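Source: prediction; values computed, not measured.
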Amino acid sequence: MALDPRMMSRTQAADAHVDVGLRQYMLGVYNHMTIGLAITGLIALGASFLAIQGGQLTGFGYAIYVSPLKWVIMLAPIGMVFLFAAKIQSMASSTAQTVFWIYAALMGLSLSSIFLVYTGESITRVFFIAAGMFAGTSLYGYTTKKDLTGMGSFLFMGLIGILIASVVNIFLASSMLQFGISVVGVLVFAGLTAYDTQNIKNTYLAHAHHGDQEWLDKSAIHGALSLYLDFL
């Protein structure tokens with residue numbers, strides 16, 4: 001049963017305000033993440049349709065899957081995400097949001113080849129499995145009282161290892177290495193989802209009383225980027 005605001009102490013009123021603000025903040029984070037994923041999915045699906053016609057690669061398909069441009073498409077999102085993370089605090093929130101949408105679109109172009117390799121049914125099944133796992137680990141990160149800070153460095157090193165191994169495997173094309181990367185990736189990103197969710201929550205709680213809405217808007221976009229990457 002909610003307390004009558006007239007009967008609250010100043011501390012209770014402040015805590016209630018923070019709780020409401022936290023819910024709105026987290027909703028904004030998840031909304032941005034969801035829109036980013038939608039952009040990625042639509043671009044990936046659209047690009048795959050444009051790349052193949054009559055069972056043959058079109059000029060567009062040749063450009064993004066065969067020509068040297070494919071390396072730019074594959075590697076640009078990796079460089080862009082690090083640059084975005086480094087520069088986001090110097091951007092206006094509207095600019096940061098636009099850059100996030102552009103990044104999501106580039107990622108969609110990069111991932112479009114999966115529609116040429118796997119069936120729509122397989123992709124849909126994996127998507128819902130990933131969504132269920134993401135929801136569970138994110139909820140754990142949001143609700144747990146355990147401090148997950150100590151996991152951060154370990155998980156980040158695991159992430160770097162996955163990125164390096166993935167780049168190396170572009171040239172080796174080893175199915176065993178790819179399987180190993182996938183297994184380790186599931187574990188690392190499950191941990192990162194919980195860690196990042198708790199970190200996003202704690203970031204808001206640490207700055208909620210400052211009243212800097214511009215900073216919070218950019219922080220929400222940065223949080224959305226983190227969870228977007230964890231999901232993918």
Report the residues that fulfil side-chain hydrogen bond (donor to acceptor under 3.5 Å, both in side chains) with Ser110, sequence neighbours left out, ordered by chain and then residue number. none

Could I get the full list of side-chain hydrogen bond (donor to acceptor under 3.5 Å, both in side chains) partners for Asn199, not counting sequence neighbours? none

Which heavy-atom pair separates [X] from [Y] by the least distance, and what is that distance?
X: Gly61; Y: Ala51; value: CA-CB, 3.6 Å
X: Ile162; Y: Gly185; value: CD1-CA, 3.5 Å
X: Tyr140; Y: Lys146; value: OH-CD, 4.2 Å
X: Tyr195; Y: Leu148; value: CD1-O, 3.3 Å
X: Trp101; Y: Gly36; value: CZ3-N, 3.8 Å

Could you see if [X] belongs to whatever hydrophobic cluster contains [Y]? Use Ile, Leu, Val, Met, Phe, Trp, Tyr and a side-chain cutoff under 4.5 Å.
X: Ile102; Y: Ile35; answer: yes
X: Leu37; Y: Ile129; answer: no
X: Leu83; Y: Met91; answer: no
X: Leu106; Y: Leu42; answer: no
X: Phe82; Y: Leu192; answer: yes

Can you check whether [Y]'s main-chain N or O pairs, donor with acceptor, with [X]'s side chain at less than 3.5 Å?
X: Ser138; Y: Ala135; value: no
X: Thr144; Y: Gly141; value: no
X: Lys218; Y: Ala96; value: no
X: Thr137; Y: Ala194; value: no

Roughly how far, to the nearest 0.5 Å, is [atom2] of [Y] from [atom1] of [X]?
X: Gln198; Y: Leu205; atom1: CD; atom2: CG; answer: 10.0 Å
X: Leu45; Y: Ile114; atom1: CG; atom2: CD1; answer: 9.5 Å
X: Ile88; Y: Thr95; atom1: CD1; atom2: OG1; answer: 10.5 Å
X: Leu155; Y: Met157; atom1: CG; atom2: CE; answer: 11.5 Å

May I have the step-by-step check of side-chain contact (heavy atoms from CB on, under 4.5 Å) for Phe100 and Ile39, ending in yes or no? CA-CA 10 Å; Phe100 179 45; Ile39 291 173; over 6 Å; no

So the ring-ring contact (aromatic ring centres under 6.0 Å, His included) pairs with at least one residue in residues 35-64 (sequence neighbours excluded) are none

Result block: side-chain N/O donor-acceptor pairs under 3.5 angstrom for residues 63-80, not counting sequence neighbours:
| residue | atom | partner | partner atom | Å |
| --- | --- | --- | --- | --- |
| Tyr65 | OH | Ser112 | OG | 2.7 |
| Ser67 | OG | Ala63 | O | 2.5 |
| Ser67 | OG | Leu69 | N | 3.3 |

Test item: [X] and [Y] side chains (from C-beta on) under 4.5 Å apart, heavy atoms:
X: Leu57; Y: Ile52; answer: yes
X: Tyr30; Y: Ile200; answer: no
X: Met107; Y: Ile43; answer: no
X: Leu27; Y: Arg23; answer: no
X: Gln97; Y: Ser94; answer: no

Pairs under 3.5 angstrom only: tabulate donor-acceptor contacts from the side chains of residues 219-232 to other protein residues two or more places apart or in another chain.
| residue | atom | partner | partner atom | Å |
| --- | --- | --- | --- | --- |
| Ser219 | OG | Tyr25 | OH | 2.7 |
| Ser226 | OG | His222 | O | 3.2 |
| Tyr228 | OH | Thr40 | OG1 | 2.4 |

Give me the other members of the hydrophobic cluster that Met133 sits in, counting Ile, Leu, Val, Met, Phe, Trp and Tyr linked by side-chain heavy atoms under 4.5 Å, directly or via other members. Val186

Is it the case that more than 12 heavy atoms not belonging to Phe154 sit under 6.0 Å from its CZ atom? no

